[in-house]
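Please read the structure below before turning to the comments.
The structure displayed is predicted, hence computed values, not measured ones.
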Amino acid sequence: MRLIDRTIGPGQACFVIAEVGVNHNGSLELAHRLIDAVRGTGADAVKFQSFRTDALVTGAAAKADYQRHNTGVGGTQRAMLEALELSVEAHAELMAHCAQAGILFLSTPYDEESLRLLDRLDVAAIKVASTDTTNLPFLRTIDRVGRPVILSTGMCSLAEVAEAVDALDASRAGGRLCLLQCTSEYPAPVEDLNLRAMGTLGAAFGVPVGFSDHTEGTEAALWAVAAGAALIEKHVTLDRGMPGPDHRASLDIDGLRALVSGVRRVERALGDGVKRVMPSEAANREPMRKSIVAARDLRAGQCLTAADLACKRPGGGLPPSWTDRLAGRTLRRAIAADEPIRPDDVGWEG
C-alpha cells in the first residue's frame, strides 16, 4: 500500500503512527504541543479522531468499562465525547501544523460528515477504528472515497473481518488496504494480543498487516514488528497521569521515541532473510572452524583410515566434510600428529 511517498508492506520500513486520538483533552493548544513533541521521535504520522458527538453516540450510552476506570463512573459517553470534539477549523489548523513539521496528518472518522471533512482536507489515508469494522454501510462509503484505508480489527472474528474486506472491495483490489490486529481493551492484557492473527489476516486477504497496540509499554509493538507488522499504531500523550479515557494506555514522548528506536533495531535484526556469512562473523571463520589434521604421526605410503584423521581448530585447511574423501587415500609424505593434511599430501588416482 502506498501512502504519499511511502510503501507499506513486507520488506519495507515499518510505518509508525503516533495516535494522539483524544489525548488533546479538547485543547487545541495541547494538540499542537503533541505534534511538536512527536516530530522529534521518528514517528511517521500523527493521528487524531474526527467525530460529531451527535452522530456518534446517543445520550443514553454509558461509558465503557475502561472509560469509567480512567475518567470516573459519573457522566455519559456523550458528555465525555462532547468535551473532546475537534472543530472543522481545528482539523485544518492541525493538518497545516503537521505539514510544516514534516509529519503526516491522519485521523479516524466516526461518521460520514467527518469522513467528508477528511476527504476535503485531502488526507493521505482513512483510518477506521475497530468500532466500525462491522459498520458495513460506513465502510462502503469509505471505499467509494477512494483513499487508502487502514482498518483495525479489534473485537472481530475472522468472518466479520471478511465481511469488512468485502465492503472495502475497491480498496483491496487497488492495493489500498492495510489490516491491523488489535485488542480493544485499554490497556490490553498481553495474553489477549494474539499477534499470530496478523499472519492469519495477511494470508486470508493478501494485504499488508500491522498492529494497533493498546498495551502499556513498548514490548508488544516490538514483538509485532518481529512477527511481521508493516505498520504500528500506538497512543501517545504528554502525561499519562492526565484525565481522559486513553492516557493510561498511551506512551509518553520518551516512550514513543524509545519505541521508534526499538522498531528500527528490530528491523535491523530481522535483516533481509538471505542466509550468508555476515561481515561481523567473517573473521571468526578460520579461528573457530576446524580443519582435518593427523590424529597421530603418519608415515609416507600409509593408507588413511578414519581413525588416522581428527578435526581440530583452526580452520583454513581441508574442512571436516572431506573426511570420507580422504579415507582410503595413500599419503605421499609423512605427517606429524596435529599437522593439517593438504590436498597434495595424498594420491587421488583411482
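- No more than 12 heavy-atom neighbours from other residues, nucleotides or ligands sit within 6.0 angstrom of CG on Asp324.
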### Message
Apply side chain to side chain contact (heavy atoms under 4.5 Å, CB included) to residues Val190 and Trp223 and explain how you reach the verdict.
### Response
CA-CA 11 Å; Val190 170; Trp223 300 335; 3.8 Å; yes
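- What you find for Ala164 and Leu151 is that their closest heavy atoms are CB-CD2, 3.9 Å.
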### Task
Please report the C-alpha distance between His32 and Glu93 in whole Å, then the side-chain angles of each, then the deciding distance to 0.1 Å, and finally whether the side chain to side chain donor-acceptor pair (under 3.5 Å) criterion is met.
CA-CA 9 Å; His32 282 296; Glu93 189 174 319; 2.7 Å; yes
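- In this structure, Asp308 contributes its side chain and Thr305 its backbone to a donor-acceptor pair below 3.5 Å.
- Within 6.0 Å of the CD atom in Glu219, the count of heavy atoms belonging to other residues, nucleotides or ligands does not exceed 12.
- Remark: His214 NE2 to Glu185 CD distance equals 10.0 Å, nearest 0.5 Å.
- In this structure, the side chains of Ser212 and Gln181 stay at 4.5 Å or more apart for every pair of heavy atoms.
- Separating the CE atom in Met278 from the CG atom in Asn284 is a distance of 13.5 Å, to the nearest 0.5 Å.
- Between Val123 and Met95 there is a side-chain heavy-atom pair separated by less than 4.5 Å.
- Here the closest non-hydrogen pair linking Asp345 and Arg342 is OD2-N, 2.7 Å.
- The shortest side-chain heavy-atom distance between Leu136 and Asp166 does not fall under the 4.5 Å cut-off.
- Looking only at side-chain heavy atoms (C-beta outward), Val161 and Phe205 come within less than 4.5 Å of each other.
- Note that the CZ atom of Arg299 and the CD1 atom of Ile335 stand 12.5 Å from one another [nearest 0.5 Å].
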### Audit row: Glu233, Lys47, side chain to side chain contact (heavy atoms under 4.5 Å, CB included) steps and yes/no
CA-CA 9 Å; Glu233 178 183 68; Lys47 191 182 80 65; 2.9 Å; yes
### Query
Can you check side chain to side chain contact (heavy atoms under 4.5 Å, CB included) on Phe15 and Ile232, steps first, answer last?
CA-CA 6 Å; Phe15 193 87; Ile232 293 292; over 6 Å; no
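- Side-chain contact check for Leu106 versus Phe48: every heavy-atom pair is 4.5 Å or farther apart.
- Aromatic ring centroids of Phe138 and Tyr110 lie 6.0 Å or more apart.
- Between Thr330 and Gly301, the shortest heavy-atom distance links the atoms CG2-O, 3.4 Å.
- A salt bridge links Asp44 with Arg264: the distance from a Lys NZ or Arg NE/NH1/NH2 to an Asp or Glu carboxylate oxygen falls below 4.0 Å.
- A donor-acceptor distance shorter than 3.5 angstrom exists from the side chain of Thr153 to the backbone of Leu180, with no hydrogens or angles considered.
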### Query
Which is it for Leu326 and Leu309 under the side chain to side chain contact (heavy atoms under 4.5 Å, CB included) test, yes or no, and what are the steps along the way?
CA-CA 9 Å; Leu326 290 174; Leu309 306 174; 3.9 Å; yes
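- Judged by distance alone, with hydrogens and angles left aside, the side-chain atoms of His91 form a donor-acceptor pair with the main-chain N or O of Ser87 at under 3.5 Å.
- With rounding to the nearest 0.5 angstrom, the OG atom of Ser50 is 12.0 Å from the NZ atom of Lys127.
- Hydrophobic clustering keeps Ile8 apart from Ile126 (ILVMFWY residues linked when any side-chain heavy atoms are closer than 4.5 Å, directly or through intermediates).
- Under a hydrophobic clustering in which Ile, Leu, Val, Met, Phe, Trp and Tyr are joined whenever their side-chain heavy atoms come within less than 4.5 Å, directly or via other members, Val266 and Leu231 fall into different clusters.
- Under the 4.5 Å side-chain heavy-atom criterion for ILVMFWY residues, a single connected hydrophobic cluster contains both Val20 and Leu94.
- Val128 has its side chain within reach of Val149: a pair of non-hydrogen atoms, C-beta onward, lies under 4.5 Å apart.
- The backbone N or O of Leu304 lies less than 3.5 Å from no partner atom in the side chain of Gln302, so there is not a single donor-acceptor pair.
- The heavy-atom pair separating Ala221 from Leu259 by the smallest distance is CB-CD1, 3.4 Å.
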### Message
side chain to side chain donor-acceptor pair (under 3.5 Å), that's the test. Do Arg144 and Thr141 meet it? Break it down for me.
### Response
CA-CA 5 Å; Arg144 289 192 292 271; Thr141 301; 3.2 Å; yes
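- A salt bridge links Asp122 with Arg147; the closest basic N to acidic carboxylate O contact falls under 4.0 Å.
- Without hydrogens or angle criteria, Arg120 side chain to Leu115 main chain gives no donor-acceptor distance under 3.5 Å.
- One hydrophobic cluster, built from ILVMFWY side chains closer than 4.5 Å, holds both Ile4 and Met1.
- Surrounding CZ of Arg6 are more than 12 heavy atoms belonging to other residues, nucleotides or ligands, all under 6.0 Å away.
- Listed for the Ser250 side chain is a donor-acceptor partner under 3.5 Å among the backbone atoms of Asp246.
- A donor-acceptor pair under 3.5 Å is absent between the side-chain atoms of Asp252 and the main chain of Asp239, judged by distance alone.
- Taking a cutoff of 4.0 Å between a charged side-chain nitrogen and a carboxylate oxygen, Arg39 and Asp36 qualify as a salt bridge.
- Side chains of Glu286 and Arg313 form no contact here, defined as non-hydrogen atoms less than 4.5 Å apart.
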### Task
Please test Asn25 against Ser27 for side chain to side chain donor-acceptor pair (under 3.5 Å), starting from the C-alpha separation and ending with a verdict.
CA-CA 6 Å; Asn25 286 357; Ser27 165; over 6 Å; no
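- Residue Asp192 holds its CG atom at 12.0 Å from OG1 of Thr215, rounded to the nearest 0.5 Å.
- Ion pairing between Asp111 and Arg52 holds under the 4.0 Å rule for side-chain N and carboxylate O.
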### Query
Stepwise, does the side chain to side chain donor-acceptor pair (under 3.5 Å) test hold for Glu85 with Thr53?
CA-CA 7 Å; Glu85 188 174 330; Thr53 304; 2.7 Å; yes
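- Taking the charged nitrogens against the carboxylate oxygens, Asp143 and Arg172 have no contact shorter than 4.0 Å, which rules out a salt bridge.
- Listed for the Trp348 side chain is a donor-acceptor partner under 3.5 Å among the backbone atoms of Pro343.
- Looking only at distances, no side-chain donor or acceptor of Ser152 sits under 3.5 Å from a matching main-chain atom of Ser130.
- A distance of 10.5 Å separates CG in Asn23 from CZ in Arg240, rounded to the nearest 0.5 Å.
- For Met155, the CE atom counts as densely surrounded, since its 6.0 Å shell holds more than 12 non-hydrogen atoms of other residues, nucleotides or ligands.
- The shortest side-chain heavy-atom distance between Ile17 and Ile150 falls under the 4.5 Å cut-off.
- In the hydrophobic cluster analysis, where Ile, Leu, Val, Met, Phe, Trp and Tyr join through side-chain heavy atoms closer than 4.5 angstrom, Ile103 is grouped together with Leu28.
- Between Arg116 and Asp119 there is no salt bridge, since no side-chain N of the basic residue sits under 4.0 Å from a carboxylate O of the acidic one.
- Salt bridge annotation for Arg332-Glu349: present, with a cationic side-chain nitrogen under 4.0 angstrom from a carboxylate oxygen.
- Look at Glu281 and Arg276 and you find no salt bridge, because none of the NZ, NE, NH1 or NH2 atoms lies under 4.0 Å from a carboxylate O.
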